[in-house]
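Here's the structure, in structure tokens; my notes come after.
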Amino acid sequence: MDHAADAHRTDLMTITRFVLNEQTKHPESRGDFSILLSHIVLGCKFVCTAVNKAGLAKLLGLAGETNVQAKDQKKLDVLSNEVFIKALVSSGRTCILVSEEDEEATFVEPANRGKYCVVFDPLDGSSNIDCGVSIGTIFGIYMIKDGHEPTLDDVLQPGMNMLAAGYCMYGSSCTLVLSTGSGVNGFTLDPSLGEFILTHPDIKIPKKGKIYSVNEGNAKNWDGPTSKYVQSCKYPADGSSPKSLRYIGSMVADVHRTLLYGGIFLYPGDKKSPNGKLRVLYEVFPMSFLMEQAGGQAFTGKQRALDLVPEKIHERSPIFLGSYDDVEEIKKLYAAEE
């Protein structure tokens, strides 16, 4: 890479420019979707700044019960939730918001209402904040059908009906990965510009990977197919090299690595949690959407993940997602079990 030349580039593809370019492919578009995405991007920038300050805030005594003005300090996940709720409502383009932090869905009042439903986890992996591990925001977007009052049924749809999905990872760099239904693109925040720049165009997951990612602490409670699959990762029957285990415990970080390097991410159901731990609407669906758009697969142990029809907004599901061939192997094990 020619760093000197790179430093003088003036043709940077920002996420705003990218979204506007995509908009021109739809002559009927009025720009509503672009405006909604720009508000999501703003929320991501805000949360990125808050995450970067989290350690310092604690160090400087600013993250106690109250601050010097006697105002309550909010935990980062609560703060992130408020940031996204306010950003999405103020966009004037949303009608229903479903957040991991809120028990009930938020229905936007008619004066600020638009035609999009956004489902999101404002700060996934927030238990990892204090040890500096990558965390992130996950989101998915649906559109309601014209001419009716929004209801929960507008978000309780299969994931294949999503218009767009993405995540923003707050780690060594701040990376936003987005799909609007025609491939997957990654953008990295340039702090000096305050802009997300296209750094990973048209991401394609390798057809087969060398990494598996799972919490092996739950192994004694796994079902047969999951146990057999993990065993085959460690001791391949064909004598090939075993897969490497990588597990961060932050879904955004684990899925991001899987997307770029290939392999498989597993969060199966087990005896303690038959439905797994991950929530369908704002974790399983967006990540499955991105995986399929990048050429991978997502499977629940019973069906294609995006075909699931959730009945509750915080419903959970097992999930196996990643490289096409790796997911195909676990599908065969479940088929054999049946």
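Atoms considered below: every heavy atom in the structure, side chains included; atoms not considered: hydrogens, waters and symmetry mates. Residue numbers run from 1 in the order of the sequence given. Predicted model only: the values in this text are computed from it and were never measured.
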Practice item. Can you label the angle between the Phe84 ring and the Phe120 ring as parallel, tilted or perpendicular, going by 30° and 60°? Key: tilted
**Study point:** Greater than 12 external heavy atoms within 6.0 Å of Lys277's NZ
**Key:** no
Review point. Can you tell if the side chain of Ile129 reaches within under 4.5 Å of the side chain of Leu123, non-hydrogen atoms only?
Key: yes
Exercise for review: Return the orientation label for the Phe299 and Tyr334 ring planes: parallel under 30°, perpendicular over 60°, tilted otherwise.
Suggested key: perpendicular
Check your understanding: Between Gln23 and Ser34, do the side chains contain an N or O donor and an N or O acceptor separated by less than 3.5 Å?
Key -> yes
Review point. So does Lys210 have more than 12 non-hydrogen atoms from other groups sitting under 6.0 Å from NZ?
Key: no
**Study point:** Polar side chain donor-acceptor pair, Asp102 to Asn81, under 3.5 angstrom
**Key:** yes
Review point. If we ignore angles and hydrogens, is there a donor and acceptor under 3.5 Å between the side chains of Ser192 and Asp190?
Key: yes
Practice item. To the nearest 0.5 Å, tell me how far Lys271 NZ sits from Asn221 CG. Key: 6.0 Å
Point to revise | Neighbour count >12 (heavy atoms, 6.0 Å) for atom CZ, Phe107 | key: yes
**Study point:** Euclidean distance, Phe196 CZ relative to Thr14 OG1, rounded to 0.5 Å
**Key:** 11.5 Å
Review point. Roughly how far, to the nearest 0.5 Å, is CZ of Phe285 from CG of Leu278?
Key: 13.0 Å
Review point. If you count the non-hydrogen atoms of other residues, nucleotides and ligands that lie under 6.0 Å from OH in Tyr247, is the total more than 12?
Key: yes
